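Shown next, in structure tokens, is the structure this report addresses.
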Amino acid sequence: MSFSLPPSWSGRTLTGLRTKLLNWFDKHQRDLPWRRAADGTAGGPRDPYRVWVSEVMLQQTTVTAVVPYFERFVAALPDVRALAAADEQRVLKLWEGLGYYRRARHLHAAAKALAEAHVDQLPDDPAVWDALPGVGRYILGAVLSQAFDRKLPIVEANSLRVLARLFGHRGDPRVGAGKAWVWTAAETVLPNARCGDFNQALMELGALVCTPTAPDCGACPLQGHCEAKRLGLQEQIPPKKKPPAITEVSEVGVVIRSGDTLLLCQRPADAGRWQNMWEVPHAPRAGDEDVSDAAVRVAKELTGLDVEPGVEVMTVKHGVTRYAITLVCVEAALVGGGAFAPGSYADAKWVTPADLAAYPVSSPQRKLMTALADPNRQPRLF
DNA sequence: AACTCGGGGTG
DNA sequence: CACCCAGAGTT
């Protein structure tokens with residue numbers, strides 16, 4: 001599984017491939033803000049700070065999503081010194097909406113570490129970068145090859161696809177021995193000069209031509225070299241990621257309305273105790289007072305008896321883990337309140353609305369809250 | 001090796 | 001929906 005060039009390739013083949021790809025890049029590359037200097041000029045040497053910020057933002061995030069955040073971020077914090085001096089809340093505010101906030105914290109911490117070491121200019125030493133938080137092999141190679149033309153390979157989603165197809169690699173280059181294979185391939189194809197442009201060209205080709213589905217092989221400068229194209233396997237290489245297994249989780253949710261507050265309780269269906277309870281502000285609805293009998297019954301059942309409720313089934317995705325959740329929803333109005341004091345249930349955890357807002361939008365808790373707090377939702381009484 | 005982080009874009 | 005996206009760090 002280790003990488004070696006196809007036997008039929010000569011040194012000339014590799015040289016020709018590099019030239020074709022670089023020529024294609026010169027003609028077709030997109031005009032992206034991190035390919036320009038801070039003053040807007042293009043074509044000059046790239047600012048390592050801007051490249052670094054862009055690479056961190058682009059991690060698992062599409063180019064179109066990043067561009068406006070990048071512009072705003074580097075306008076507010078134009079160099080590593082400004083970033084190091086900034087308050088973390090300001091950095092996170094500038095990051096808000098991009099997700100993966102740990103990236104921002106790592107970027108900030110790295111800038112502060114450099115400032116602490118009195119590094120005023122970003123260095124071209126791989127060992128220094130490798131020691132920074134949030135900097136892995138990809139970002140190290142991407143920044144140093146672009147900003148200093150250091151001969152360091154990069155492997156990410158695009159170049160991985162291009163290289164796997166070009167050399168007709170069977171198996172998954174993302175896992176196991178495939179990882180080593182693709183890094184060696186990226187090292188092998190890299191020229192001695194214009195390393196940054198070449199790395200960019202691999203990615204640009206993957207983004208614009210060698211796309212995951214329906215690659216435009218007719219427009220590809222490497223079509224004459226491509227093993228996947230020769231075999232007609234462009235769409236099969238690399239293999240699709242296996243979807244994560246679906247774990248079925250049955251949860252019971254109960255909502256009780258008391259005036260303008262909702263009391264929500266949630267637990268796994270097979271658990272005897274409530275695991276999460278929280279209050280949510282909620283506008284009172286006409287008719288709330290008519291169901292106090294139901295509320296009393298719910299109160300009895302909250303002590304641990306099974307509920308026989310309306311049922312909602314929803315599938316949610318949380319990260320890469322997917323749950324099929326059966327929500328057993330009990331809704332009732334409670335007049336007077338007081339029956340559901342926090343101390344009433346062992347192991348119950350009170351969560352403020354602010355805590356709840358911190359849950360990921362796709363989390364079961366948020367889904368539950370949204371479903372139950374919807375003012376237009378018909379109450380389910382029993 | 002599998003999992004987590006978190007949305008957003010696209011067909 | 002399914003699948004993907006300029007990954008890194010932790011378990």
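Throughout, a chain's letter reflects where its sequence line sits, starting with A, and its residues are numbered from 1. Bear in mind that the values here come from a model prediction, so they are computed numbers and not experimental data.
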Sequence neighbours left out, what passes side-chain hydrogen bond (donor to acceptor under 3.5 Å, both in side chains) with A:S10? Give chain and number order.
-> A:T13

Under a 4.0 Å heavy-atom cut-off, which of residues 190-197 of chain A touch DNA chain B?
-> none

So, for A:F3 and A:F167, is the gap between ring centers shorter than 6.0 Å?
-> yes

May I ask you to list the residues sharing a hydrophobic cluster with A:I237, side-chain cutoff 4.5 Å, ordered by chain and number?
-> A:L231, A:L233

Between A:E187 and A:T184, do the side chains contain an N or O donor and an N or O acceptor separated by less than 3.5 Å?
-> no

side-chain hydrogen bond (donor to acceptor under 3.5 Å, both in side chains) partners of A:R30, counting only residues at least two apart | A:E204

Not counting sequence neighbours, which residues clear side-chain hydrogen bond (donor to acceptor under 3.5 Å, both in side chains) with A:R105? List them please.
-> none

Enumerate the residues from residues 51-75 of chain A whose closest heavy atom to DNA chain B is under 4.0 Å, giving them by residue number; use none for an empty result.
-> A:Q60, A:T61

Quantified in whole Å, what is the P atom distance between nucleotide B:dT4 and nucleotide C:dA6?
-> 23 Å

Just how far, in rounded Å, is P of B:dT10 from CG of A:L208?
-> 13 Å

With sequence neighbours left out, the residues meeting ring-ring contact (aromatic ring centres under 6.0 Å, His included) with A:F73 are A:W95

What integer number of Å spans the C1' atoms of B:dG9 and C:dA8?
-> 23 Å

Looking at residues at least two apart in the chain, or sitting in another chain, which of them share a side chain to side chain contact (heavy atoms under 4.5 Å, CB included) with A:P78?
-> A:A82

For atom C1', what is the distance between B:dG8 and C:dG9, given to the nearest Å?
-> 23 Å

Counting any heavy atom closer than 4.0 Å, what does A:G176 reach on the DNA or RNA strands: base, sugar-phosphate only, or nothing?
-> sugar-phosphate

So which nucleotide from C:dA8, C:dA6, C:dC5 ends up closest to the side chain of A:I139?
-> C:dA8

Which part of the nucleic acid, if any, lies within reach of A:W95 when heavy atoms closer than 4.0 Å are counted: base, sugar-phosphate only, or nothing?
-> nothing

All side-chain hydrogen bond (donor to acceptor under 3.5 Å, both in side chains) counterparts of A:D149, not counting sequence neighbours | none

Scan A:R174 against the nucleic acid and name what it touches under 4.0 Å (heavy atoms): base, sugar-phosphate only, or nothing.
-> nothing

Please list residues of residues 96-105 of chain A whose heavy atoms come under 4.0 Å from any atom in DNA chain B, ordered by number; otherwise none.
-> A:L98, A:Y100, A:Y101

Linking directly or through intermediates, with side-chain heavy atoms under 4.5 Å: list the remaining ILVMFWY members grouped with A:Y100, chain and number order.
-> none

Please, which pairs that meet side chain to side chain donor-acceptor pair (under 3.5 Å) have at least one residue in residues 110-126 of chain A, sequence neighbours excluded?
-> none

